[in-house]
Amino acid sequence: ARNEQINAANSEIAGVEYIGALRGLLESIPQHRNMVNAALNGDTTERSRAEQIQSAIDRSFSSVESVNAKHPQFGATDKVAQFLFSLWKS
């Protein structure tokens, strides 16, 4: 029973790490989309901001990749993250 509690707590900690890594993506990608749309519509100030956010998104993908490497139990989510990263880079 005690081992089950420890395993459950460890799983929760790993989940919190994963959510923290994903949060950056969930916040940055919509911002980037809006900035790119504004830049395409002639707002020149948004272009440089979009490039900055793009760097933040790249760092967030690296964070997700690190969490996936640290916690192999996220194997399915690792495949999803790799797919999303390939879409981002295309």
Side-chain angles (χ1 to χ4, degrees):
R2 183 150 172 84
N3 284 342
E4 289 174 8
Q5 290 175 333
I6 292 170
N7 288 339
N10 286 334
S11 292
E12 288 178 16
I13 290 168
V16 168
E17 285 182 55
Y18 192 72
I19 289 169
L22 285 175
R23 183 177 179 178
L25 289 174
L26 296 173
E27 291 175 350
S28 300
I29 289 174
Q31 291 175 353
H32 182 266
R33 181 194 62 229
N34 292 337
M35 290 173 188
V36 168
N37 283 334
L40 290 173
N41 287 315
D43 187 342
T44 57
T45 60
E46 291 298 312
R47 182 182 175 120
S48 65
R49 291 181 63 206
E51 290 171 356
Q52 291 172 351
I53 292 286
Q54 185 171 339
S55 296
I57 292 169
D58 290 339
R59 286 190 303 276
S60 292
F61 271 116
S62 294
S63 295
V64 170
E65 192 173 273
S66 295
V67 171
N68 281 333
K70 185 177 175 183
H71 301 288
Q73 69 267 33
F74 293 133
T77 54
D78 183 38
K79 288 181 173 82
V80 171
Q82 289 175 4
F83 174 71
L84 292 174
F85 185 70
S86 70
L87 290 176
W88 171 249
K89 287 299 180 183
S90 62

Answer yes if [X] and [Y] sit in the same cluster of Ile, Leu, Val, Met, Phe, Trp and Tyr residues linked by side chain heavy atoms under 4.5 Å apart, and no otherwise.
| X | Y | value |
| --- | --- | --- |
| Val80 | Trp88 | yes |
| Val67 | Ile13 | no |
| Phe85 | Leu22 | yes |

> With sequence neighbours left out, what residues match Glu51 under salt bridge (charged side-chain N to carboxylate O under 4.0 Å, His left out)?
Replying inline: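 In terms of salt bridge (charged side-chain N to carboxylate O under 4.0 Å, His left out), with neighbours along the sequence ignored, Glu51 is linked to Arg47.
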> Under the salt bridge (charged side-chain N to carboxylate O under 4.0 Å, His left out) test, which residues partner Arg23, sequence neighbours left out?
Replying inline: Glu27
Atom pair [atom1] ([X]) and [atom2] ([Y]), whose distance is rounded to the nearest 0.5 Å:
| X | Y | atom1 | atom2 | answer |
| --- | --- | --- | --- | --- |
| Ser66 | His71 | OG | NE2 | 10.5 Å |
| Ile57 | His32 | CD1 | NE2 | 5.5 Å |
| Met35 | Gln52 | CE | CD | 8.0 Å |
| Ile53 | Ile29 | CD1 | CD1 | 11.0 Å |

> Heavy atoms, side chains only, cut-off 4.5 Å: are Lys70 and Tyr18 in contact?
Replying inline: no
> Would a 4.5 Å heavy-atom cut-off, applied to side chains only, mark Lys89 and Phe61 as touching?
Replying inline: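 The answer is no, as the side chains (C-beta and beyond) never meet within the 4.5 Å cut-off.
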Closest non-hydrogen atom pair between [X] and [Y], with its separation:
| X | Y | result |
| --- | --- | --- |
| Ser28 | Ala56 | OG-CB, 4.4 Å |
| Glu46 | Ala38 | CG-CB, 3.6 Å |
| Leu25 | Pro30 | O-CD, 4.1 Å |

>> Atom CD of residue position Glu65 - does it have more than 12 heavy atoms of other residues, nucleotides or ligands inside 6.0 Å?
In response: no
